[in-house]
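Inspection log for the structure reproduced underneath, given as structure tokens.
Numbered from 1 within each chain, the chains take letters A, B, ... in sequence-line order.
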Amino acid sequence: MPSKLESIKKSIWVFHLNTGSCNACDIEILDALTPFHDAERFGVKLVGTPRHADAILLTGPTTLEALPKVINAIEASPRPRILIALGSCGSSGGIWHDTYSTIGGVNSLLKILKERGVDVDAIYYIPGCPVRPEAVLYAIALIKGIVEKRVKSVVLNAE
Amino acid sequence: MNFIRKAVKPAELLIIAGKTKRVTVKYPFEKPILSPEFRGSIEINHEKCIGCGACVNACPPNALEFVESSDKRTLRYNIGRCIFCWRCIDVCPVNAITGTRNFELATNDPLDLYSYIVHSKTKCTSCSKTGETVKMRKYIMQRSPVTENYINNCPDCRREKFINALSVRKVGFVAK
């Protein structure tokens, strides 16, 4: 865990921000909060406003229509703020990465935020289309430092 | 009557809770429940892969892409963009791609999402252009020995050679 995130050792309150997703990831978030998976074991709670939130759950590829609202919501959340990009659309645009009406994932959003002077302390990517509720739980456990990171970049030579 | 029912209700609830027992799974501390049809991330065998680009053509969100340079062709797999449709597995001619049931892909570093397979390209013997990958050429030669005459040339030189041979055969000299 990065040292900036010391204050989020305890319960993570998340604000769920739909930036134009197809609602599959949103349903999986709700599934992760049901008694069967029960994300509240880790203290995770959905809050109604970004001003109460430690982390912002971004689903969707950030449509141009939603972009100003997304920036406002991220600006409104207190430091230290975590951004969690959910699903393949959230983490890098997914199937909408080059369409005219989206900015294509969280990487281009981070660039826009940097231009506006909005800092983001940590960013977590959860690939999946849609993400499984277990994948959301795994990411929460990763933020908390309970599990080890498994995915790794590999460069292999074909010959 | 209503008063009594209200008083008894907690006890009833306790009985129901005792019957159903604990429903919550202990997921990060135990194995996840996965159906046999579940599709997770793909794995590319770098020894089998020939760099033909069938998966690149088939991939709906362009998660598999070629990064071209003058003498290398790199197959880049972006897990962050992958939708786990497994179309690449269906189209791969050498069965280099296998599907796993791995979904625990969360990370805090965007560079972790990319994995690469580096192929080296072949060079045309007549001009200095680079073409398909070395392993791709081997694969073609195994499949069709007829192409051996032309295999070491790039498509442009191949066409020129063919037209010249044809004109020599039909007319008797090379047309300019």
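A continuous path of Ile, Leu, Val, Met, Phe, Trp and Tyr side chains, each step under 4.5 Å between heavy atoms, connects Leu58(A) with Val120(A), placing both in one hydrophobic cluster. Hydrophobic cluster membership differs between Ile44(B) and Tyr116(B), with clusters built from Ile, Leu, Val, Met, Phe, Trp and Tyr side chains linked at under 4.5 angstrom. Ile95(A) is not connected to Ile103(A) by any chain of hydrophobic side-chain contacts under 4.5 Å among Ile, Leu, Val, Met, Phe, Trp and Tyr, and they are in different clusters. No continuous path of hydrophobic side-chain contacts links Ile140(B) to Val56(B) [ILVMFWY only; heavy atoms under 4.5 Å]. Taken together through direct or relayed side-chain contacts under 4.5 Å among Ile, Leu, Val, Met, Phe, Trp and Tyr, Ile112(A) and Leu64(A) form part of one hydrophobic cluster.
Heavy-atom neighbours of chain B within the stretch residues 151-159 of chain A, taken at a separation under 4.5 angstrom, comprise Val151(A), Lys152(A), Ser153(A), Val154(A), Val155(A), Leu156(A), Asn157(A), Ala158(A), Glu159(A). For residues 128-139 of chain B, heavy-atom neighbours of chain A at less than 4.5 Å comprise Val134(B), Lys135(B), sorted by residue number.
Dense packing is recorded around CD of Glu68(B), with more than 12 heavy atoms of other residues, nucleotides or ligands lying under 6.0 Å away. Applying the 6.0 Å contact sphere to CZ of Phe66(B) captures more than 12 heavy atoms from other residues, nucleotides or ligands. Heavy atoms from other residues, nucleotides or ligands lying under 6.0 Å from NZ of Lys123(B) number 12 at most. The 12-atom threshold is not exceeded at CZ of Arg116(A), counting heavy atoms of other residues, nucleotides or ligands nearer than 6.0 Å. Under a cut-off of 6.0 angstrom, the local environment of CD in Glu43(B) is sparse, with at most 12 non-hydrogen atoms contributed by other residues, nucleotides or ligands. The neighbour count for Glu30(B) CD, taken as heavy atoms of other residues, nucleotides or ligands under 6.0 Å away, is above 12. Enclosure of atom NZ in Lys149(A) by more than 12 non-hydrogen atoms of other residues, nucleotides or ligands within 6.0 angstrom is indicated. Shown here is Arg51(A), whose CZ atom has no more than 12 heavy atoms of other residues, nucleotides or ligands within 6.0 Å.
A 4.5 Å side-chain heavy-atom check between Ile146(A) and Phe29(B) finds at least one atom pair inside the cut-off. Within the 4.5 Å cutoff, the side chain of Lys144(A) has no heavy atoms near those of the Pro28(B) side chain. Contact annotation: the side chain of Leu113(B) approaches that of Pro127(A) to within less than 4.5 Å [non-hydrogen atoms, C-beta and beyond].
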Anything under 3.5 Å between a donor and an acceptor, one on a side chain of residues 82-92 of chain B, the other on a protein residue two or more places apart or in another chain? List them.
unit_1   : atom_1 : unit_2   : atom_2 : d
Trp86(B) : NE1    : Gly40(B) : O      : 2.9

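Of the inter-residue distances, the one linking Thr107(B) atom OG1 with Leu142(A) atom CG reads 7.0 Å to the nearest 0.5 angstrom. Leu105(B) contributes atom CG, which lies 8.0 Å from atom OH of Tyr138(A) (distance to the nearest 0.5 angstrom). Ile79(B) contributes atom CD1, which lies 13.5 Å from atom OH of Tyr125(A) (distance to the nearest 0.5 angstrom).
Tyr77(B) does not touch chain A: none of its heavy atoms, backbone or side chain, sits under 4.5 Å away. Using a 4.5 Å cut-off between heavy atoms, His97(A) contacts chain B through its side chain alone, with no backbone atom that close. Contact annotation for Asn102(B): neither backbone nor side-chain heavy atoms come within less than 4.5 Å of a heavy atom of chain A.
Residue with the most contacts toward chain B among Gly94(A), Ala85(A), Ala139(A): Gly94(A) (heavy-atom pairs, distance under 4.5 Å). Interface remark: of the candidates His46(B), His119(B), Arg76(B), Glu104(B), Glu104(B) forms the most heavy-atom pairs closer than 4.5 Å to chain A. If you tally non-hydrogen atom pairs under 4.5 Å between each of Ser88(A), Gly87(A), Pro133(A), Cys89(A) and chain B, the highest count goes to Ser88(A). Note on Ser120(B), Pro32(B), Ala63(B): by heavy-atom pairs under 4.5 Å with chain A, the leading option is Ser120(B). With chain A as partner, the option from Ser41(B), Pro60(B), Pro110(B), Ser115(B) having the largest number of non-hydrogen pairs under 4.5 angstrom is Pro110(B).
In plain terms, the two heavy atoms of Val23(B) and Phe36(A) that are nearest each other are O-CD1, 3.4 Å. For Gly80(B) against Ser91(A), the heavy-atom pair with the smallest separation is O-OG, 3.4 Å. Smallest separation of non-hydrogen atoms from His37(A) and Val25(B): ND1-CG2, 3.8 Å.
For the side chain to side chain contact (heavy atoms under 4.5 Å, CB included) test, residues two or more places apart in sequence or in another chain that qualify with Val171(B) are Phe173(B).
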For this session: Test Leu34(B) against Glu134(A) for side chain to side chain contact (heavy atoms under 4.5 Å, CB included), laying out the working first.
Result: CA-CA 10 Å; Leu34(B) 288 175; Glu134(A) 282 101 335; 5.6 Å; no
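Both the sub-6.0 Å distance and the 45° axial angle are not jointly satisfied by Arg132(A) relative to the ring of Tyr27(B).
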